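What follows is a set of notes on a single structure, which appears directly below.
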Amino acid sequence: MFNIIFIGAPGVGKGTQSAFIEKDYSIAHIATGDMLRKNIEDGTELGKTAKSYMDKGELVPDSLVIDMLNERIQKDDCKNGFMLDGFPRTMEQAKELDKILAKLNHKIDAIIDIYASDEIIIKRLLNRGRADDNEETIKNRIKVFESQSKPVLDFYKDKVKIIKIESVGTPEEVYAKIKKELDLIKK
């Protein structure tokens with residue numbers, strides 16, 4: 001089993017890089033943002049609640065995301081491992097994730113800290129064209145990431161190998177750097 005966490009601001013390329021990793025390492029890609037958007041699209045109660053936060057560029061409350069994730073990582077497609085994209089984003093989520101993994105006798109093998117400049121992020125997200133991607137909301141999401149998510153790296157720094165990767169160049173060039181580091185850990 002090989003379990004990875006992706007940490008990075010919206011628009012740094014977590015989804016793009018996750019697709020490469022999912023294919024090469026045969027692990028499930030769990031993007032909490034996609035799961036939330038699916039709930040919004042389906043009109044579930046979770047989706048309605050999540051939408052009110054996402055529309056303002058704020059994080060969805062931990063309890064909603066944690067319950068959803070706990071169920072998700074126990075599905076069959078996670079038997080070889082999983083990659084968390086967009087979780088944990090807060091210290092509380094990181095602590096709850098540790099509790100869930102301990103109960104399931106799992107661990108995190110690596111954290112990929114992928115980053116890019118604010119200018120690159122804004123440009124990428126505006127070009128993506130999602131309804132929740134306007135410049136004001138994007139700037140708020142970056143600010144929220146900086147204040148709430150970066151401390152998660154401190155939580156893990158003595159527990160897990162953290163791989164810092166700058167998301168510049170082609171997706172393939174960025175992935176080559178990630179793969180080199182992951183292969184060293186996977187050995």
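Just so you know, these numbers come straight off a predicted model, no measurement behind them. Nothing fancy with the numbering, it's 1 onward along the sequence.
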Output, in order, the C-alpha distance, side-chain angles, deciding distance and verdict of side-chain contact (heavy atoms from CB on, under 4.5 Å) for Met54 and Lys51. CA-CA 5 Å; Met54 291 170 73; Lys51 185 175 182 345; 5.7 Å; no

Search all heavy atoms of Phe155 against all heavy atoms of Ala94 and return the closest pair with its distance. CD2-CB, 3.6 Å

How many angstroms lie between atom CG of Leu182 and atom CD1 of Ile165, to the nearest 0.5 angstrom? 8.5 Å

To the closest 0.5 Å, what do you measure between CD1 (Ile138) and CZ (Arg124)? 12.5 Å

For the CG atom of Leu101 and the CG atom of Asn70, what is their distance to the nearest 0.5 Å? 9.5 Å

Taking distance alone, no hydrogens or angles, what donor-acceptor pairs closer than 3.5 Å link side-chain atoms of residues 22-29 to residues at least two apart or in another chain?
residue: Asp24; atom: OD2; partner: Tyr175; partner atom: OH; Å: 2.6
residue: Tyr25; atom: OH; partner: Asp183; partner atom: OD1; Å: 2.5
residue: His29; atom: NE2; partner: Ser18; partner atom: OG; Å: 3.4
residue: His29; atom: NE2; partner: Asp85; partner atom: OD2; Å: 2.9

Minimum heavy-atom distance between Ile121 and Pro10, given as atom pair plus value: CG2-O, 2.9 Å

Which of Ile30, Asp77, Leu69 passes side chain to side chain contact (heavy atoms under 4.5 Å, CB included) with Phe82? Answer is Ile30

I want to check a possible cation-pi pair here: Lys186 against Phe2, using under 6.0 Å from ring centre and within 45° of the ring axis as the test. yes

Consider only side-chain N and O atoms of Asn140 and Glu136, and report whether a donor and an acceptor are under 3.5 Å apart. no

Out of Ile111, Asp109, Ile5, which one pairs with Val160 under the side chain to side chain contact (heavy atoms under 4.5 Å, CB included) rule? Ile111

Between CG of Leu84 and CG of Asn3, what distance do you get to the nearest 0.5 Å? 7.5 Å

Same cluster or not: Ile112 versus Ile120, using hydrophobic residues (I, L, V, M, F, W, Y) connected whenever any side-chain heavy atoms lie under 4.5 Å apart? no

Go through the structure and list residues passing side-chain contact (heavy atoms from CB on, under 4.5 Å) with Lys161, not counting sequence neighbours. Ile163, Glu181, Ile185

Do NZ/NE/NH1/NH2 and the carboxylate oxygens of Lys123 and Glu119 come within less than 4.0 Å? no

Is it the case that more than 12 heavy atoms not belonging to Lys139 sit under 6.0 Å from its NZ atom? no

Thinking salt bridges, do Glu92 and Lys95 make one under a 4.0 Å N-O criterion? no

Do Leu153 and Tyr115 belong together in a cluster built from hydrophobic side chains that touch within less than 4.5 Å? no

Would you say Ser167's side chain and Ala116's backbone share a donor-acceptor pair under 3.5 angstrom? no

For the pair Glu146 and Lys143, find out whether any cationic side-chain nitrogen is under 4.0 Å from an anionic carboxylate oxygen. no

Could you tell me whether the side chain of Lys177 and the main chain of Glu166 form a donor-acceptor pair under 3.5 Å? yes

Same cluster or not: Val152 versus Ile100, using hydrophobic residues (I, L, V, M, F, W, Y) connected whenever any side-chain heavy atoms lie under 4.5 Å apart? yes

ILVMFWY network linking Leu104 to Leu97, side-chain heavy atoms under 4.5 angstrom: yes

Side-chain donor-acceptor contacts of residues 56-68 below 3.5 Å, not counting sequence neighbours, with atom names and distances?
residue: Asp62; atom: OD1; partner: Thr90; partner atom: OG1; Å: 3.2
residue: Asp62; atom: OD1; partner: Gln93; partner atom: NE2; Å: 2.8
residue: Asp62; atom: OD2; partner: Thr90; partner atom: OG1; Å: 3.2

In terms of heavy-atom contacts, does CG of Asn105 have more than 12 from other residues, nucleotides or ligands at under 6.0 Å? no

Taking all non-hydrogen atoms of both residues, which atom of Glu135 and which atom of Leu126 are closest, and how far apart? N-CD2, 3.8 Å

Counting only heavy atoms from other residues, nucleotides and ligands, does the tally under 6.0 Å from CD of Glu71 exceed 12? no

Could you go through Asn39 and Thr49, starting from their C-alpha distance and side-chain angles, then the distance that decides it, and tell me whether this counts as side-chain contact (heavy atoms from CB on, under 4.5 Å)? CA-CA 10 Å; Asn39 276 276; Thr49 304; over 6 Å; no

From Ile21 atom CD1 to Phe6 atom CZ, the distance as rounded to the nearest 0.5 Å: 4.0 Å

Between NZ on residue Lys14 and CD1 on residue Ile114, distance to nearest 0.5 Å: 8.0 Å

Nearest heavy-atom pair of Ile73 and Cys78: which atoms, and what distance? O-CB, 3.4 Å

